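Since the model is a prediction, treat every value here as computed from it, not as a measurement. In what follows, every chain begins at residue 1, and chains take the letters A, B, ... in the order their sequences are listed.
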Number of protein chains: 2
Amino acid sequence: MTDGLAVQAFAALAQETRLAIYRRLVEAGPMGLPAGALAEALEVPAPTLSFHLAQLRGAGLITQRRSSRSLIYAVDVGRMTDVIAFLSDRCCSGQPELCLPSTRTRTDARPRRKAV
Amino acid sequence: MTDGLAVQAFAALAQETRLAIYRRLVEAGPMGLPAGALAEALEVPAPTLSFHLAQLRGAGLITQRRSSRSLIYAVDVGRMTDVIAFLSDRCCSGQPELCLPSTRTRTDARPRRKAV
DNA sequence: TCTATATTTCGATATATCTGGAAATATGGA
DNA sequence: TCCATATTTCCAGATATATCGAAATATAGA
């Protein structure tokens with residue numbers, strides 16, 4: 001993943017409505033959701049939704065497929081993996097274990113709970 | 001980390017110059033770098049740099065401290081951890097192990113290299 | 001082919017972000 | 001106190017992004 005692609009992915013996620021769209025698609029899982037269902041669920045006018053879907057798609061974060069009259073959108077988990085890897089590799093002071101919260105080293109690294 | 005904070009962090013990283021600034025600070029490590037050194041290294045005019053530093057700081061991604069006449073900036077690794085956790089927890093179809101590239105399950109999940 | 005549905009593209013407007021020169025502020029030394 | 005250095009804030013113009021009504025496109029059924 002190049003810097004340019006990373007910037008595009010961050011830009012796509014840097015907007016409340018788009019983040020909501022993305023998360024709704026995460027909930028929906030691999031089957032995805034048609035544009036209409038998203039528009040209704042998030043109460044966004046169709047042209048506005050279409051604009052944001054195009055942004056997310058341009059960033060490679062979601063995929064589009066047609067099923068009869070509906071266009072169905074779903075998350076591309078692989079791209080999100082790339083984004084997380086980019087942040088971990090390049091943005092954690094060369095110590096990715098400091099930034100990756102769910103590795104097996106986490107409990108070792110974390111200080112014990114303070115006695116109250 | 002709320003959605004709002006996440007959006008702010010993504011917006012901060014969604015710009016070439018700012019991403020370059022952030023990465024330079026990652027290289028510099030916990031000691032950080034004075035604004036002047038960043039301006040020279042990245043060939044950015046002082047007011048422009050100052051603007052971008054303010055954005056990164058507003059997003060909580062970097063810290064500022066004064067040392068004599070210089071203002072020294074350094075990454076806040078904790079905030080980056082939060083951002084990565086946000087993506088992993090909320091944006092990976094409820095299967096964070098799919099998106100966290102550096103867990104011990106990675107080699108198990110990845111297909112073997114193709115023979116050439 | 002005609003009509004209805006699902007969604008996008010067009011286009012105009014509003015809002016936000018980016019840029020960098022000039023001026024202001026903070027610090028330290030002579 | 002005066003001057004030099006480091007950096008920010010102010011400001012105005014340029015560029016990019018967001019919004020959504022109206023019109024266009026794609027699909028399917030009668």
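- A side chain to side chain contact (heavy atoms under 4.5 Å, CB included) with B:Leu56 is found for exactly one of B:Leu25, B:Ile21, B:Val75, namely B:Ile21.
- The residue among A:Val44 and A:Ser67 whose nearest nucleotide of DNA chain D is located toward the 5' end is A:Val44.
- A donor-acceptor pair under 3.5 Å links the side-chain atoms of B:Arg18 to the main chain of B:Ala12, judged by distance alone.
- Distance A:Leu56 CG to D:dT17 P: 14 Å, rounded to the nearest Å.
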Q.
Test side-chain contact (heavy atoms from CB on, under 4.5 Å) on A:Phe51 and A:Val44; report intermediate values, then the result.
A. CA-CA 11 Å; A:Phe51 168 79; A:Val44 177; over 6 Å; no
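- Side-chain atoms of B:Gln64 do not come within 3.5 Å of backbone N or O of B:Leu71 as any donor-acceptor pair.
- The 12-atom threshold is not exceeded at CZ of A:Arg24, counting heavy atoms of other residues, nucleotides or ligands nearer than 6.0 Å.
- Between A:Leu49 atom CG and C:dA6 atom C1' there is a gap of 12 Å when expressed in whole angstrom units.
- Within the nucleic acid shown, A:Thr48 comes within 4.0 Å of at least one base atom, counting heavy atoms only.
- Applying the 4.0 Å criterion to OP1 and OP2 of D:dT19, one finds that A:His52 has a side-chain N or O inside that range.
- For the contact set between residues 10-19 of chain A and DNA chain C, defined by any heavy atom under 4.0 Å, there are no members.
- As rounded to whole Å, 18 Å separates atom P of C:dT13 from atom CZ of A:Phe51.
- Comparing D:dT9, D:dA18, C:dT8 against the side chain of B:Ser50 picks out D:dT9 as the nearest.
- Distances shorter than 4.0 Å separate some side-chain N or O of A:Ser68 from OP1 or OP2 on D:dA28.
- Neither OP1 nor OP2 of D:dA6 sits under 4.0 Å from any side-chain N or O of B:Tyr73.
- Taking each heavy atom of B:Arg79 and B:Ala59 in turn, the nearest pair found is NH1-O, 2.9 Å.
- Residue contacts for A:Ala35: at a heavy-atom cut-off of 4.0 Å it reaches the sugar-phosphate backbone alone, with no base atom in range.
- What separates CG of A:Leu53 from P of D:dA18 is a distance of 13 Å, to the nearest Å.
- Using a 4.0 Å cut-off, some side-chain N or O of A:Ser70 falls inside it from OP1 or OP2 of C:dT7.
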Dump the pairs, protein N or O against N or O of nucleotides 22-26 of chain C, anything under 3.5 Å, distances to one decimal.
none

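- Of the possible polar contacts, one joining the A:Thr2 side chain to the A:Leu5 backbone as a donor-acceptor pair under 3.5 Å is found.
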